[in-house]
Amino acid sequence: SGWIDVRTALAHLPSRTLDAAAAASARQGKHHVLAALAPAGAEPLVLLAPDGGVAAILVPAGPHWRYGRVLAPQCALHDPA
């Protein structure tokens, strides 16, 4: 019983920390953020804000990235256990 923060829930995935402006853009789903990244890998990528919060989760779409989810600051997931 309790809460798991999003960063902890996604800790098994690779991540990249963005600067504040890019993190704000990622939270809005702006595509210029995707264009600045290396080609997509085989698994999702977590985009982090400078404070360590999750800004977005990207999923591979061929050699490119697409947004799987964009998150507002301080999101949490409930742990039913």
Atom pair CZ/CG of Arg27 and Leu71 - distance to nearest 0.5 Å: 7.5 Å
Closest non-hydrogen atom pair, Thr17 against Pro50: CG2-CA, 4.2 Å
ILVMFWY cluster, Val70 and Leu45 together (side-chain gap under 4.5 Å): yes
Contact summary for Ala9 and Ile4, nearest pair of heavy atoms: N-CG2, 3.8 Å
Atom pair CG/CD of Leu13 and Glu43 - distance to nearest 0.5 Å: 6.0 Å
Closest non-hydrogen atom pair between Ala55 and Ala23, with its separation: CB-O, 3.9 Å
From CG (Leu47) to CG (Leu58), nearest 0.5 Å: 4.0 Å
Nearest non-hydrogen partners of Ile57 and Pro44, listed with the distance: CG2-CB, 4.3 Å
Shortest non-hydrogen separation from Ser15 to Arg7 and the atoms involved: OG-NH2, 3.4 Å
Joint cluster assignment, Val46 & Trp65, ILVMFWY side-chain distance < 4.5 Å: no
Over 12 non-hydrogen atoms of neighbours within 6.0 angstrom of NE2 in His31: no
Evaluation steps, side-chain contact (heavy atoms from CB on, under 4.5 Å), between Leu48 and Leu18: CA-CA 6 Å; Leu48 300 172; Leu18 304 173; over 6 Å; no
Least distance between heavy atoms, Leu37 atom then Val33 atom: CG-O, 3.5 Å
